[in-house]
Amino acid sequence: MKNTTLNDVTSCLSGYDPDALPVRHAQRIINDFITPVSAIEQVALRSALDRVLAADIVSPISVPAHDNSAMDGYALRGADLSESSATTLKVIATVYAGRPSEIVPQSGECVRIMTGGVMPEGCDSVIPQEHVAAIGESGITINPGTIRTGDNRRFAGEDLMAGSAALVKGKIIRPADLGLIASLGIAEVPVMRRLRVAFFSTGDELRSIGEPLAAGCVYDSNRYTLFGMLTRLGCDIVDMGIVRDDPEALEQALRSACENVDAVITSGGVSVGAADYTKQIMAELGDVTFWKIGMRPGRPLAFGRISSNGKSAFLFGLPGNPVAVMVSFYFFARAALLRMMGADAPQLLLKVRSAGALRKKPGRTEYQRGVLSINEDGEQQVSITGSQGSGILRSMSEANCMVVLHDEQGNVDIGDMVDVILFEGLI
């Protein structure tokens with residue numbers, strides 16, 4: 001790993017204040033400090049789905065390999081078409097897909113051709129069968145203006161030219177990419193190795209599913225949302241359960257994690273009211289900083305790199321409230337993990353009209369749970385899912401997007417445009 005320290009990164013920011021850090025500054029610091037993994041695996045094509053491409057896929061062939069027909073119809077010479085009267089052409093052969101013909105039509109001749117059939121030498125246009133004015137025993141008639149020269153002809157290399165990059169390094173391989181790679185005859189793909197990520201929750205008040213719920217205790221939901229988000233990212237995950245509020249137990253958990261994984265995610269223990277030993281242990285194990293970020297929900301956040309026995313891992317200390325955990329993960333940890341994977345996956349914002357008025361104070365970024373829908377006029381609109389308390393996980397479940405209200409924004413009126421990030425874009 002590189003030797004850059006967090007102090008090196010934060011020193012490049014003017015007015016850096018860990019107790020009042022804007023979202024964009026925290027995101028920049030994390031991005032500049034993170035180091036991508038370097039190990040590469042060669043996997044079978046079907047196993048490459050959702051993996052990160054480790055090198056450009058260079059096409060060994062042109063796709064398509066030959067000029068071919070985009071339609072079932074008749075291949076002809078555009079020069080034979082009359083602009084003022086009907087054109088009659090003699091049909092001299094039939095060309096099927098996958099069965100090229102050596103026949104060369106002369107002036108006044110054409111061939112019947114199927115979709116994908118290789119264009120005969122000299123032919124540059126195809127008229128779809130349904131557009132032919134008349135079909136006789138030995139010829140066809142085409143009315144003037146029915147097609148133009150070059151219509152319905154696919155050129156060799158129109159999709160890809162041999163030697164060009166079909167897919168570039170850093171792309172997350174999706175179903176269409178599998179098909180594209182298969183069309184090139186490539187059976188194995190180089191991908192970045194999967195990230196190993198450990199996570200655990202802290203707090204004596206937490207109980208696991210199946211345990212009796214004593215007074216003052218709550219079931220631990222954070223490990224399940226983290227499990228879902230990390231699984232969607234394609235990480236190999238290590239669920240370390242609940243770590244009790246005990247310095248020795250916390251240190252042991254952190255050491256064990258960073259000796260075996262690339263990144264460690266904790267929930268709880270980084271807020272102002274948390275026990276001092278949590279921050280102390282995290283700081284003693286490595287280069288860790290603690291922020292109060294200008295955002296809602298999810299103000300407290302710890303970030304850095306911890307080490308034990310010569311092994312190290314990046315640390316993301318998230319807040320304990322259920323919604324704050326998800327928001328902090330989506331807008332800080334997720335991008336960092338993607339960078340570690342070597343993925344090129346920018347976060348996409350949509351501009352959508354707000355269906356209602358939103359109260360907002362300038363000076364901090366707010367992430368509000370929203371429902372994107374289509375109004376009576378067929379336009380996209382977004383509405384808020386009710387109370388935005390950081391402990392109300394049900395409202396996160398009801399939402400399909402996050403409304404992002406930036407630092408400088410104030411109140412939003414009905415009909416104002418706001419930035420929206422779809423949850424489906426975060427998987």
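Start at 1 with the first residue, then count along the sequence.
Ion pair K351/D419 flagged as a salt bridge, since at least one NZ, NE, NH1 or NH2 atom sits closer than 4.0 Å to an Asp/Glu carboxylate oxygen. The pair D67-R154 fails the salt-bridge criterion, with no side-chain N (NZ, NE, NH1 or NH2) lying under 4.0 Å from an Asp/Glu carboxylate O.
A donor-acceptor pair under 3.5 Å links the side-chain atoms of Y277 to the main chain of D246, judged by distance alone. Listed for the R299 side chain is no donor-acceptor partner under 3.5 Å among the backbone atoms of K292. Proximity of a side-chain donor or acceptor of D407 to a complementary backbone N or O of T365 within less than 3.5 Å is detected. Looking only at distances, no side-chain donor or acceptor of S47 sits under 3.5 Å from a matching main-chain atom of V43. Formation of a donor-acceptor pair under 3.5 Å by the S164 side chain with backbone atoms of M161 is found in this model. At least one donor-acceptor pair closer than 3.5 Å links the side chain of S328 to the backbone N or O of A324. Looking at N375, its side chain does come within 3.5 Å of a backbone N or O of D377 through a donor-acceptor pair. The main-chain N or O of N143 is found under 3.5 Å from a side-chain atom of T146 such that the two form a donor-acceptor pair. Between the side chain of R339 and the backbone N or O of N31, at least one donor-acceptor pair lies under 3.5 Å. Under a 3.5 Å cut-off, the side chain of D56 and the backbone N or O of V58 do not form any donor-acceptor pair.
Under the rule for a side chain to side chain donor-acceptor pair (under 3.5 Å), the partners of E41 that lie at least two apart in sequence or sit in another chain are R51. Under the ring pair (Phe, Tyr, Trp, His ring centres under 6.0 Å) criterion, Y367 pairs with F331, not counting sequence neighbours. Among residues two or more places apart in sequence or in another chain, the ring pair (Phe, Tyr, Trp, His ring centres under 6.0 Å) test is passed with F329 by none.
E379 has its side chain out of reach of I374: every pair of non-hydrogen atoms, C-beta onward, lies at least 4.5 Å apart. Side-chain contact between I29 and V9 is present, with at least one heavy-atom pair separated by less than 4.5 Å. Taking the side chain as every heavy atom from C-beta outward, D416 and L358 never approach each other to under 4.5 Å. Side-chain contact between V327 and M396 is present, with at least one heavy-atom pair separated by less than 4.5 Å. Side-chain contact check for I421 versus L350: every heavy-atom pair is 4.5 Å or farther apart. Using a 4.5 Å heavy-atom cutoff, the side chains of F332 and L301 are in contact. Two residues are said to be in side-chain contact when any heavy atoms from C-beta on lie closer than 4.5 Å; I384 and R369 fail this criterion. For the pair L76 and C123, the minimum side-chain heavy-atom distance is 4.5 Å or more.
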>> With side-chain hydrogen bond (donor to acceptor under 3.5 Å, both in side chains) as the criterion, how do T115 and D72 come out once you've worked through the C-alpha distance, each side chain's angles and the decisive distance to 0.1 Å?
In response: CA-CA 5 Å; T115 302; D72 288 344; 3.0 Å; yes
>> For a salt bridge (Lys or Arg N to Asp or Glu O under 4.0 Å) check, start with the C-alpha distance between D50 and R232, then their side-chain angles and the critical distance, and finish with the verdict.
In response: CA-CA 9 Å; D50 293 331; R232 284 279 182 94; over 6 Å; no
> So R334 and L233, side-chain contact (heavy atoms from CB on, under 4.5 Å) or not? Walk me through it.
Replying inline: CA-CA 8 Å; R334 177 181 178 274; L233 275 181; 4.1 Å; yes
>> One pair to check against side-chain hydrogen bond (donor to acceptor under 3.5 Å, both in side chains): R305 and S312. What are the steps and the verdict?
In response: CA-CA 7 Å; R305 186 167 51 206; S312 65; 5.0 Å; no
> Between R223 and D239, is a salt bridge (Lys or Arg N to Asp or Glu O under 4.0 Å) present by the stated rule, with each step listed?
Replying inline: CA-CA 7 Å; R223 282 175 28 246; D239 183 351; 2.8 Å; yes
>> Apply side-chain contact (heavy atoms from CB on, under 4.5 Å) to residues S354 and I414 and explain how you reach the verdict.
In response: CA-CA 6 Å; S354 178; I414 297 176; over 6 Å; no
>> If you apply the rule side-chain contact (heavy atoms from CB on, under 4.5 Å), what do you find for T35 with M340, and how did you get there?
In response: CA-CA 6 Å; T35 305; M340 291 178 69; over 6 Å; no
> What do the steps show when you test V420 against V404 for side-chain contact (heavy atoms from CB on, under 4.5 Å), and what is the final call?
Replying inline: CA-CA 6 Å; V420 166; V404 183; over 6 Å; no
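One distance of note links CG of D32 with CD of Q27; it measures 12.0 Å at 0.5 Å rounding. Distance CG/D19 to CG/D17: 5.5 Å, rounded to 0.5 Å. The distance from the CG atom of D177 to the CD1 atom of I172 is 10.0 Å, given to the nearest 0.5 Å. Going from atom CG of D220 over to atom OG of S267 covers 6.0 Å, rounded to the nearest 0.5 Å. The CD1 atom of I186 sits 9.0 Å away from the CG atom of L45 when rounded to the nearest 0.5 Å. Once rounded to the nearest 0.5 Å, the distance linking CG of D151 with CD1 of I127 reads 9.5 Å.
No donor-acceptor contact under 3.5 angstrom links the side chains of T5 and D287, judged on distance only. With no hydrogens or angles considered, no side-chain donor-acceptor pair links N222 and S201 at under 3.5 Å.
Here salt bridge (Lys or Arg N to Asp or Glu O under 4.0 Å) pairs that include residues 247-260, with residues two or more places apart or in two chains, are E251-R255. Within the structure, ring-ring contact (aromatic ring centres under 6.0 Å, His included) contacts touching residues 165-214 (residues at least two apart or in different chains) do not occur. Identified under the side-chain hydrogen bond (donor to acceptor under 3.5 Å, both in side chains) test for residues 184-198, with sequence neighbours left out: R193-D262.
Taking a 6.0 Å sphere around CD of Q252, one finds it holds 12 or fewer heavy atoms contributed by other residues, nucleotides or ligands. In this structure, F227 places its CZ atom where only 12 or fewer heavy-atom neighbours from other residues, nucleotides or ligands lie under 6.0 Å away. By the neighbour-count criterion of 12 heavy atoms within 6.0 Å, atom CD of E83 is sparsely surrounded, having that number or fewer from other residues, nucleotides or ligands. Other residues, nucleotides and ligands place more than 12 heavy atoms under 6.0 Å from the CD atom of E284. Crowding of K169 atom NZ: a count of heavy atoms from other residues, nucleotides or ligands under 6.0 Å not exceeding 12.
Summarising the geometry of F316 relative to A336, their closest heavy-atom pair is CZ-CB, 3.5 Å, with the distance given to 0.1 Å. Here the closest non-hydrogen pair linking I147 and S125 is CD1-CB, 4.3 Å. Contact record, R359 with N411: CA-OD1, 3.3 Å, taken as the closest heavy-atom pair. The shortest non-hydrogen separation linking L184 to I61 is CA-CD1, 4.2 Å. When all heavy atoms of V23 and G294 are compared, the closest pair comes out as CG2-O, 3.9 Å. Shown here for I293 and P22, the closest heavy-atom pair between the two residues is CG2-C, 4.3 Å.
Between F290 and F303, the ring center distance fails the sub-6.0 Å criterion.
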